[in-house]
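Below: one structure, written as structure tokens.
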Amino acid sequence: MKYTPVIGLEVHVELYTKSKMFCSCSADYFGKKPNTHTCPVCLGLPGALPVPNKKAIEWCIAIGLALNCQIPTFSKFDRKNYFYPDLPKGYQISQYDQPFCVNGNITLSNGKKIRITRAHMEEDTAKLTHAEVNAKNVSLIDFNRSGVPLVEIVTEPDFENAVEVVEYLKLLQQTVRYLGVSEADMEKGDMRLEPNISLKRPGENGLPGYKVEVKNINSFKFVEKAINFELERQKELLEKGETPKQETRGWNEQKQATLSQRSKEEAHDYRYFPEPDIPLFTISREDVTKTKKSLPELPQAKLARFKKQYSLTSYDAEILTREKQTADFFDEAVKIGNAHNIIPKQIANIIINKKTDLEKTLPAELIRTIKAQTSRVTIDQSDLEKIVGEVIKENKNIVAAYKAGKTNAIQVLIGIVMQKTKGQANANDVKSLLENQLR
Ligand code: ADP
Ligand code: MG
Ligand code: ZN
């Protein structure tokens with residue numbers, strides 16, 4: 001029997017603000033001495049009152065806008081009640097029915113649209129460490145993380161396999177980094193992943209009547225393994241005529257398996273109610289427009305522009321746009337290179353082969369280096385003509401595109417010749433040789 005996987009994602013992203021969500025403690029807690037970033041508010045002491053962090057809310061909305069969400073005019077915070085030692089107040093301030101961002105979407109490279117249900121603002125919990133002190137097993141609590149701003153991004157159950165999930169997650173990570181709102185470092189726990197997985201029987205209408213949630217995964221590799229493991233486990237149960245239990249499971253890397261944590265019967269009733277200590281928000285349309293205008297060019301748009309404007313291959317463009325800093329550097333270097341007859345492909349080659357440390361180099365310096373190299377060693381004219389001839393022969397598709405009127409295709413051919421000559425040719429010479437021979 002052929003079952004269809006149904007997968008939805010909940011992702012937590014910790015924001016990189018200076019202070020915490022509801023107090024003025026420093027949110028930069030990683031690696032700091034335990035319980036040094038605390039105050040009555042984030043320790044949940046009686047009588048302490050929360051004051052929302054404006055920057056965090058702006059950043060949450062920026063994330064929403066980058067994910068094509070709508071930003072409702074009215075929004076509020078709610079209390080999510082549960083009892084656990086990492087939650088000093090006995091509740092987490094979160095958002096329930098009126099989040100800051102709703103109804104977004106992201107398009108994957110296969111053209112599929114993943115709907116974003118919501119992106120809401122909440123606070124992180126304290127960190128529990130289970131240790132042995134004086135031969136006794138104890139649980140230690142560090143409140144430095146308590147109250148750090150957290151954005152939760154929830155998708156509709158639109159994914160059908162782990163490959164789509166990982167593509168989405170990488171894009172989400174790249175996006176929050178482009179926005180400069182989170183380091184999204186998985187190892188530090190800045191980004192935590194929870195896939196919800198079920199299988200639809202052939203002919204079944206609507207969603208399956210159960211779902212399995214795998215909690216708090218902190219790597220793309222593990223999320224992929226957890227999903228594939230679950231799909232297999234659930235398939236076996238369905239084939240035996242059983243319905244998998246609705247439950248929460250965890251990924252166990254040693255066992256290479258998901259293990260049950262709690263079942264539906266033990267599921268929490270969070271008794272959400274509006275946070276009485278924080279007034280409702282009215283988000284002005286002017287502010288939303290302003291935030292929208294301030295967004296940087298986002299990863300997918302940049303990738304498309306690099307391919308088109310600079311005639312780069314998908315491979316090159318993907319590497320150059322992976323990090324915003326590299327992409328910005330490249331844009332700048334191309335601008336300067338233009339005036340010196342240096343083509344984007346030459347610059348791309350140098351950056352991709354990591355011949356320079358971009359953090360210690362200015363774009364103009366890189367161009368100077370390329371110029372010095374190309375003018376120092378020059379290739380013999382007849383050798384160059386031979387290489388140009390070969391490149392034309394070996395790249396029939398590109399030549400055909402050029403002849404069909406896609407004149408930009410010549411940039412690709414120049415790039416290939418430059419690579420073959422190891423940058424010993426002058427890009428302008430190559431261009432006229434190519435044009436001659438193509439004619
Ligand atoms: P909960 O209240 O249990 O967290 P939600 O309805 O908020 O449940 O959904 C949480 C996540 O689970 C969402 O990402 C949603 O898309 C996904 N989801 C809902 N139903 C299913 C299902 N049958 N199979 C897989 N994922 C699902
Ligand atoms: Mg959930
Ligand atoms: Zn505090």
Side-chain angles (χ1 to χ4, degrees), residues 3-12 17-29 32 35-45 48-53 56 67 80 82 88-89 93-97 99 102-106 114-120 122-126 142-149 152-162 164-165 168-169 172 193-201 204-216 223 226-227 230-231 234 238 243-249 261-264 266-270 272:
Y3 300 98
T4 313
V6 177
I7 307 166
L9 281 180
E10 296 163 282
V11 178
H12 284 94
T17 48
K18 285 207 180 71
S19 55
K20 291 189 182 179
M21 191 60 221
F22 299 112
C23 61
S24 57
C25 290
S26 162
D28 181 17
Y29 67 87
K32 298 285 157 42
N35 297 308
T36 52
H37 290 206
T38 58
C39 74
V41 173
C42 55
L43 288 172
L45 301 187
L49 290 169
V51 178
N53 182 330
L67 302 175
K80 178 179 180 177
Y82 67 95
K89 300 190 292 295
I93 305 180
S94 180
Q95 296 194 282
Y96 185 51
D97 53 346
V102 296
N103 292 337
N105 64 75
I106 276 279
I114 302 298
R115 294 167 296 162
I116 312 278
T117 318
R118 57 191 277 147
H120 72 249
E122 57 185 38
E123 57 176 337
D124 212 341
T125 58
D142 174 9
F143 286 95
N144 286 352
R145 198 180 69 182
S146 171
V148 169
E152 178 172 349
I153 301 137
V154 183
T155 77
E156 292 292 309
D158 289 345
F159 299 95
E160 275 182 64
N161 55 57
E164 291 178 353
V165 168
Y168 164 87
L169 289 171
L172 183 60
L193 324 170
E194 288 161 26
N196 293 265
I197 305 145
S198 67
L199 281 177
K200 212 169 163 151
R201 297 181 180 89
E204 185 172 353
N205 282 325
L207 293 173
Y210 75 96
K211 70 176 168 24
V212 173
E213 175 170 9
V214 187
K215 274 279 184 207
N216 274 328
V223 91
I227 288 173
E230 266 310 302
L231 292 176
Q234 294 177 21
L238 286 163
T243 300
K245 259 203 325 200
Q246 168 122 349
E247 62 183 346
T248 301
R249 298 175 74 91
Q261 288 180 344
R262 65 172 188 257
S263 67
K264 196 178 178 181
E266 306 156 70
H268 288 125
D269 172 7
Y270 293 120
Y272 278 102

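Quick caveat: nothing in here was measured; it's all calculated off a predicted structure. Atoms considered below: every heavy atom in the structure, side chains included; atoms not considered: hydrogens, waters and symmetry mates. The chain is numbered in sequence order, starting from 1. Every number for a ligand or one of its atoms is a count from 1 in the order of the listing.
Of the listed residues (Ile114, Thr117, Val154, Asn196), the one carrying the non-hydrogen atom nearest atom 12 (O) of ligand 1 is Asn196. Around atom 8 (O) of ligand 1, the closest heavy atom drawn from Lys200, Lys211, Glu156, Arg115 belongs to Lys211.
The cationic atom of Lys80 (NZ for Lys, CZ for Arg) does not lie both less than 6.0 Å from the six-membered ring centre of Tyr272 and within 45° of the ring axis.
Below 4.0 Å from some heavy atom of Val6 lie the following atoms of ligand 1, by number and element: 24 (N), 25 (C). Close approach to Tyr210 involves these atoms of ligand 1, each under 4.0 Å from a residue heavy atom: 23 (N). Those atoms of ligand 1 with a heavy atom of Pro208 less than 4.0 angstrom away are 23 (N). For ligand 1, the atoms sitting less than 4.0 Å from at least one non-hydrogen atom of Leu9 are 14 (O), numbered in the order shown with element in parentheses.
Two residues are said to be in side-chain contact when any heavy atoms from C-beta on lie closer than 4.5 Å; Glu213 and Gln261 fail this criterion. Under the 4.5 Å side-chain criterion, counting only non-hydrogen atoms from C-beta, Phe143 is in contact with Pro88. When side chains are defined from C-beta on, Glu194 does not count as touching Leu9, because their heavy atoms never get closer than 4.5 Å. Within the 4.5 Å cutoff, no side-chain heavy atoms of Val154 are placed close to those of Ile116. In this structure, Phe22 and Glu123 have side chains that are in contact, with non-hydrogen atoms separated by less than 4.5 Å.
For a threshold of 3.5 Å applied to N or O pairs, the pair formed by Leu207 and ligand 1 contains no separation below that value. Every N/O-N/O distance between Glu213 and ligand 1 stays at or above 3.5 Å.
Between Glu204 and Leu199, the shortest heavy-atom distance links the atoms OE1-O, 4.4 Å.
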Decide yes or no on salt bridge (Lys or Arg N to Asp or Glu O under 4.0 Å) for Lys211 and Glu247, but give the supporting numbers first. CA-CA 7 Å; Lys211 70 176 168 24; Glu247 62 183 346; over 6 Å; no
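Residues Glu152 and Arg118 are not paired through a salt bridge, judged by the lack of any N-O separation under 4.0 Å between the basic side chain and the carboxylate.
The Zn ion (ligand 3) has Cys23 SG, Cys25 SG, Cys39 SG, Cys42 SG as protein N, O or S atoms under 2.8 Å away.
Every residue two or more places apart in sequence or in another chain that forms a ring pair (Phe, Tyr, Trp, His ring centres under 6.0 Å) with Tyr168 is listed here: Phe159.
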